Structure formats: C-alpha cells, structure tokens
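Contents: one structure, followed by commentary.
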Amino acid sequence: MDTQMNMVSAINNALGTILKQDDKAIIFGEDVGRDGGVFRVTDGLQAKFGEGRVMDTPLAESGIIGTAIGMAIAGLHPLPEIQFAGFMYLGFDQLVSHAARYRMRTRSTISIPMIVRTPVSGGVRALEHHSENPEAMYAHAGGLVVVEPSGPYDAKGLLLGAAKLKDPVIFLEPTKLYRLFKEEVPEDAYELPIGKSKVVRQGSKLTIVSYGVMMPAVKNVVESKKVDAEIIDLRTINPLDDATIVESVKKTTRLLIVHEAQQSFGVGAEIAARVAEKAIYELEAPILRVAAPSLPYPDPGYERYYYPTEKKIGAAIDKVLSS
Amino acid sequence: MGFLLIKRVFEGAIDYLQVMDEQGNIDQANFPKDLPDQKITDMYKYMLFARALDAKMLSLQRQGRAATYAPLIGEEATQIGSAFAFRNQDVFVPNFRQHGIFLVRNFPLDNFFVYWKGYEDGGKIPENFNGTAVCVPVGSQMPHAAGIAFALKHMNKDAAVIAYVGDGGTSEGDFYEALNFAGVWKAPLVTVIENNQWAISVPRKDQTAAQTLAQKAIAAGIKGVQVDGNDLLAVYKAVSEAIANSKNGPTLIECVTYRMSMHTTADDPTKYRTDEEVAEWQKRDPIARVKAYLVKKNLWNDELEKQIADEQLKKIDEAVEKSEQFKPDPRSMYENVYSFMPEELKDEEDAATASNFWQ
Ligand SMILES: Cc1ncc(C[n+]2csc(CCOP(=O)(O)OP(=O)(O)O)c2C)c(N)n1
Ligand SMILES: [Mg+2]
C-alpha cells in the first residue's frame, strides 16, 4: 500500500520499521522522546516502542555519539539523533577518531553499525549554526558512509538500506525538504542501495550532478529552461559513485555540479577532480560549480544573498552550454 | 567494633540561599550589605524593562519581523540581580537567553533588534560593553569564559568573568572542562547556572542524577552555592560575594528559576509539560515579589509603574523603528571573514557584485 508522505513522515515510518525489524535498534538523542524531536521526526515512536527503545538523553553530543559507539561495540544497533548538524561538531572527535577507524584498527573484528541522523541545510531562515552542510568534512574522514536523501521516497529507502550496513552512517536530512512536498511512499519496507547514485532525468547536452537539499531547485530550473540535461542525484556522498557520473559526462561532454555547501574544498571539488582524472578529454567545456560562497553560513538576514539560488543555477547552465 | 578500614577523605555540602520570599518578606540576617533602596528600585525597573523587551520580541517574531527568539520571561531576577552585581570591569559571557543583561550593559537596543532579525551587523560589540557575543552551541561559551578569566589574572587586572549557562548546558563536556581549568588556575570565574528547569523538552531531573547542579563545583574543587533564582536579592548577594571573592578562585552559582514560556518561538511546550506546573511557578513570579516589597516600603506605586512602562515602551519602539532603517550590504559577508582579503574570496565577491543575483 502506498501513502502520500512528506520527508518527516517517511523517515518516521522508516525508523518505526527498523525498530520493529531489529530488536537491537535503539533511538536516542536530545528531545527525541516525549517531544518527538524538534522537527517531529521521531513523533510517536516513544509512545509506541517505549522509553527503553526511544530515549531522551542529557544535552551532550560527544556523549551521544561516544555512547552510541560503545553500544555498537556491545552489539546494539544505535540510531542516535543529533539535533542539528551544527551541533554535531561537539561529537566530531568520536566520529572521526573512533567510528571511522574502529574497523580498521581491529582488522574488522569490531565494526560500528550505527546511523547518526542529523538535520542539515539552510534556506529556512534559521539562527546561526542551524543551516550547516558539513557533508564534505565527514566524507573526507574516510570510514564514514555519508548519505543525503532528496525526497520522501528516497529517505525511507536509503534509511532502510543504511540500516543493513555494519558501518557508521551519517544520515543527513535537509530541513528545507522535510515538509516541502509529498510523494507516494510504500508502507512496506524497501531498500535503496547505499553507494549508488541515480540518474533522475535523461539528457544529452549537459550533466548536472547534485544531491539532497538542492535537487528540487535543480529539477525546477531544468524543467523551466527546457534544457536537455541529464540530472544525477548522488544519494550517497561517500562512497561516491563516480562511474555513473563519468559515464554520463562521456555522453553529454559538459558538467555542472550543484550543492548548497560552500564551494571551496567541497564535494563538487572531489567530483570535478575525478571527472578530470577519468574523462577530461571528453569534456567540451570547463566544469562549473554552483555552491555557496567560501565563507561560513551567515545569519538568516543574509541568507538570500549567500544561497545558491535557482537564478544562479540557471546562469551557470547558460554558461556551461555556451562555452 | 571493627577496624576502621576506610577513612573519609572528602566531605562536601551545598547551601541554598533565599533572602526574599514569595510575599516580599526579607530574611534580615541575609540582607546584602551594600544594597540601598534606590538600587533595588533600579533593579526592579530593569526587570520590568526586560519583560517588556521580551514581549516586544515575541510580537515582532509573530509578525515575521524577527527571527527565532528565546524568551527570558520568568528569569528576570536571575538576570538582573546578577547583572547589577557586575562591576564595570567585569566581563559578561552570555549564552543566548540573557537579553536582560544586554539591557543592563547598555547594548544599543536598535542593534539588538537588528541582530535578532538575523543580521550580524547588530552583533557588533560596543567598546564599553565588556562582553562576548551571543553563543548558540550550548555550553561552548564556558571554556572561553575560563580563558578570559585566566587572561585577566595573567595580566593582573582587577576584574572577574561572569558566565551564563543553562541547566542543560551543564551536561556538556565543555562545562566540566571549563570549571576544571578555572579551578586549576584559580581564575576569577563566576559561573551562573540559569536553571530554568527545562532544556527544551528535557526536564532537569533527566539531565543529571545529581541532586543539585551547584554540586558540580565540588568535583572541580571550587565553591558552589544554590540560590533561589526568582529572588532578586539572593541572586544579587550570591553573585556580588562571588565577584568579591574571585581573586581567590572561581564560584559556581546555581540559580533555581523557571522558563515561564516556550523554549524558543519554534517550540510548543504543551507537548511536554503541564499547565499546572507552569501555574505553580507563576506564584513565584520574580517581579511580583520585588513589587510587593517596594510597595510595602512606599517606594513604588501603580502610578510610577505606569509611567515607567510608558517610558520603556517608548524607548523600545524608537529602537525598533531605528532598526528598521537598517539596510543590509551583502558585501559585508565577504569582508568580515579574514583580517585580510584572500584573492579568491575577492573574486567571488566581485563576481557576485557584478551579477544580478542580489536583486
Ligand atoms: C551544542 C548544542 N546542542 C544542541 C543545541 C540545541 N539547543 C538549543 S537550546 C537547547 C536547550 C538548552 O537548555 P539549557 O542549557 O537548559 O538552556 P535554556 O534553553 O533552558 O535556557 C538545545 C538542546 C544547541 N544549541 N547546542
Ligand atoms: Mg534550561
């Protein structure tokens, strides 16, 4: 049976499925219990599964992620929530120094199956630290799987896919998309592959690679400008599915990368480097990026200047196609 | 009688201080020494001012003229009582809820509105403000406070730091690390825990198994005291004494108060707490008891109250009006990142300026 769901309901539904399927799974974090999370993503789960499976914690991110690692070592399947990606830096050490390295350190005798969920993205007029896009930092660590869904259907499928992994997963949920639109989402469980991107639109003149929060904007611009563009949604940021990108670029000969995070040293830089390494002679135009300026995310008043808007995407498409 | 195998190596206790009860009666033995009536009246006016500012912010937020806002209502005694204990040279380290102290420290009100509308331009720190910026990542201001306190001592300055943290904030590692550093350094750090019983939806009892938050001082080897945070005089007294003693080292002061309203304008407290609980705390309103005291002493009346309210509202409205004249300049995003302008950033700025993207 399919139901119309927004991303909040789709993730809530997936979390319920995981708790039902896997008695080792446990959700915890700040305000996830009675309050159901500040975005209501875990709404109703504590009432349904009890305080032992869905629990509020003290206010301490390093503690949340560090204890999750301990729980994983002991055989549980922790699904901690960090209230905003901007506050996950307090747990960064645990992620980079331990979650990312435990398996390597113990030659695969101990793995850390866990999913750290956290809201990311701007565009919602939030205060300082509530609009972060840290995907490149986690991807750069090595050892952390980084996923960012772009819609309700993908969110559920990717979360259920991630739940099958034995690895630490950083699951980034774009706040801007939480309630932006609904999609048909099956009530039953289904998994989408982790580490595979998806060609969401076929085209022949230009490849546009994006993910997560920027996907609706990219699709809008392409539809409204009636560009013959192929659009690839990364779905998983690390490991990066560059085969799909390279194959597409070989066909279209042009590449534009769009992300909300800062341009410098971002995911776009990695994609551009891989395409340069694997297909530079197939390119007929320089690779372009549309991303945020190379400075921290500003307070909401300046957001509209800072943001990689549809206007900026449109101008970049014109530029790639005309060179 | 057996052998004494274990000897007690440490003993600790935490005291609770209240000077003025809910009806405005005074415990004379504990009345702060240096506190003339005029100062109590001044503090009372600031409590009213803080509450009026709060009401204005909420209404601006509802009209879309302010971003997310964390109301202070209920916490006036903790904020104003402690702020009046500051000496000019003392450094104020806030989190994100001490709007009342911004008032006492004469932060330009129009900038306050610009800031909470979402523009860093309002976050400019005036030279004589002697404080740090609003700090949103919970607890992360605490090590800064310890560092500032170290620096003051290192430079032989006769000044202390007064840092603010919530009940929830006391669970963060940064909080413990800061107290521990300050203890080792015997740094002049006064930490005020604004224990308003809630960290968004998580009640105080789920934050820690410790009976008081003040006792967290014990492990750091520093002084700790709990005070009635809705009692202006108790807060004033505890913070004054801690500042006076700061030459000898840090103090942790837990102010027991209550968040009368939502966590922020994005929160719905009916999901997690009862009206009865709120009503119970309403009876301990920090403003009402000071008023009862002042009226009893013939220092205050309704006429004065009306006059002050009008004056304060006028100041607030004028500042809002001034703040609405503010025009953002997107280039300021680029020009305040480094002390120098990197070429690549300049290129980005020039490209953005030349484009039509900002129209
Ligand atoms: C490091 C960090 N984690 C989470 C948040 C989100 N958050 C903002 S305020 C808050 C609760 C703070 O509670 P408390 O310290 O008691 O201060 P209060 O809000 O009650 O004044 C939370 C969880 C944050 N701002 N920073
Ligand atoms: Mg609190």
Side-chain angles (χ1 to χ4, degrees), chain A residues 29-40 43 51 55-64 66 83-84 86-91 93 124-130 262-264 290-315, chain B residues 64 67-70 96 114-123 134 136-140 166-175 199-203 206-208 263-264 266-269 271-273 326 328 330-334 336-338 342 344-345 348-349 352 355-359:
Chain A
E30 294 157 14
D31 306 288
V32 300
R34 198 169 338 154
D35 200 34
V38 294
F39 289 101
R40 304 288 176 256
D43 208 18
E51 287 183 29
M55 64 178 180
D56 285 326
T57 64
L59 208 178
E61 291 73 14
S62 184
I64 292 169
Q83 199 162 86
F84 284 91
F87 307 128
M88 203 145 113
Y89 303 123
L90 283 86
D93 174 59
V124 293
R125 295 194 48 75
L127 294 182
E128 196 184 0
H129 311 288
H130 294 74
Q262 295 175 40
Q263 172 153 309
S264 295
V290 176
S294 304
L295 45 98
Y297 206 101
D299 285 0
Y302 284 103
E303 181 166 49
R304 71 186 191 89
Y305 307 110
Y306 180 85
Y307 204 81
T309 51
E310 294 192 11
K311 208 165 169 183
K312 293 178 188 173
I313 298 169
Chain B
T68 311
Y69 173 75
F96 46 80
V114 170
Y115 179 78
W116 287 104
K117 210 172 163 181
Y119 298 96
E120 287 89 344
D121 310 73
V134 166
V136 173
V138 166
S140 60
D167 43 307
T170 66
S171 296
E172 291 280 8
D174 276 349
F175 171 80
I200 309 186
S201 75
V202 179
D206 292 345
Q207 203 57 247
T208 172
H263 166 68
T264 67
D267 174 47
D268 172 16
K271 271 213 84 158
Y272 53 79
R273 70 182 190 186
F326 165 76
R331 282 173 308 184
S332 71
M333 287 191 298
Y334 295 85
N336 290 284
V337 184
Y338 301 99
E344 70 199 65
L345 196 57
E348 286 185 22
E349 180 183 11
S355 74
N356 61 354
F357 299 146
W358 286 344
Q359 272 123 50

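As a basis for the values below, the full set of heavy atoms in this structure was taken, side chains included, without hydrogen atoms, waters or symmetry mates. Chain letters run A, B, ... following the sequence lines, proteins first, then strands; residues in each count from 1. As the structure is a prediction and not an experimental result, all values here were calculated from the model.
Residues Pro300(A) and Ala67(B) share a closest heavy-atom pair of CG-CB, 4.2 Å. Residues Pro328(B) and Tyr305(A) come closest through the heavy atom pair CG-OH, 3.9 Å.
Comparing Trp358(B), Tyr115(B), Tyr272(B) by heavy-atom pairs within less than 4.5 Å of chain A, the highest count is held by Trp358(B). Counting heavy-atom pairs closer than 4.5 Å to chain B, the top residue among Glu30(A), Glu61(A), Glu128(A) is Glu61(A). Among Arg40(A), Gln83(A), Glu303(A), the residue making the largest number of heavy-atom pairs under 4.5 Å with chain B is Arg40(A). Your options are Asp56(A), Leu127(A), Leu90(A), and the one with the most heavy-atom pairs under 4.5 Å with chain B is Leu127(A).
To the nearest 0.5 angstrom, Asn336(B) atom CG is 10.0 Å from Leu295(A) atom CG. Between Asp31(A) atom CG and Ser201(B) atom OG the span is 3.5 Å, to the nearest 0.5 Å. Rounded to the nearest 0.5 Å, atoms OH (Tyr306(A)) and CZ (Phe357(B)) are 16.0 Å apart.
Heavy-atom distances place no part of Tyr89(A) under 4.5 Å from chain B, backbone and side chain included. Using a 4.5 Å cut-off between heavy atoms, Ser355(B) does not touch chain A at all. With a threshold of 4.5 angstrom between heavy atoms, Phe175(B) does not approach chain A through any atom at all. In this structure, the portion of Glu344(B) lying under 4.5 Å from any heavy atom of chain A is its side chain and not its backbone. For a residue to count as touching a neighbouring chain, one of its non-hydrogen atoms must lie under 4.5 Å from one of that chain's; by this rule Phe87(A) touches chain B with the side chain only. Of the atoms belonging to Tyr69(B), not a single heavy atom falls under 4.5 Å from chain A. With a 4.5 angstrom heavy-atom cutoff, Leu345(B) touches chain A only via side-chain atoms. Heavy atoms closer than 4.5 Å to chain A are found in both the backbone and the side chain of Asn356(B).
At a cut-off of 3.5 Å, with distance as the only test, a side-chain donor of Glu348(B) or Ser294(A) sits close to an acceptor on the other residue.
Taking the charged nitrogens against the carboxylate oxygens, Lys271(B) and Asp43(A) do have a contact shorter than 4.0 Å, which makes a salt bridge.
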Side chain to side chain contact (heavy atoms under 4.5 Å, CB included) between Val202(B) and Leu59(A), intermediate numbers included: CA-CA 9 Å; Val202(B) 179; Leu59(A) 208 178; over 6 Å; no
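Checking Met333(B), Glu120(B), Lys117(B) one by one against Asp299(A), the side-chain contact (heavy atoms from CB on, under 4.5 Å) holds for a single residue, Glu120(B).
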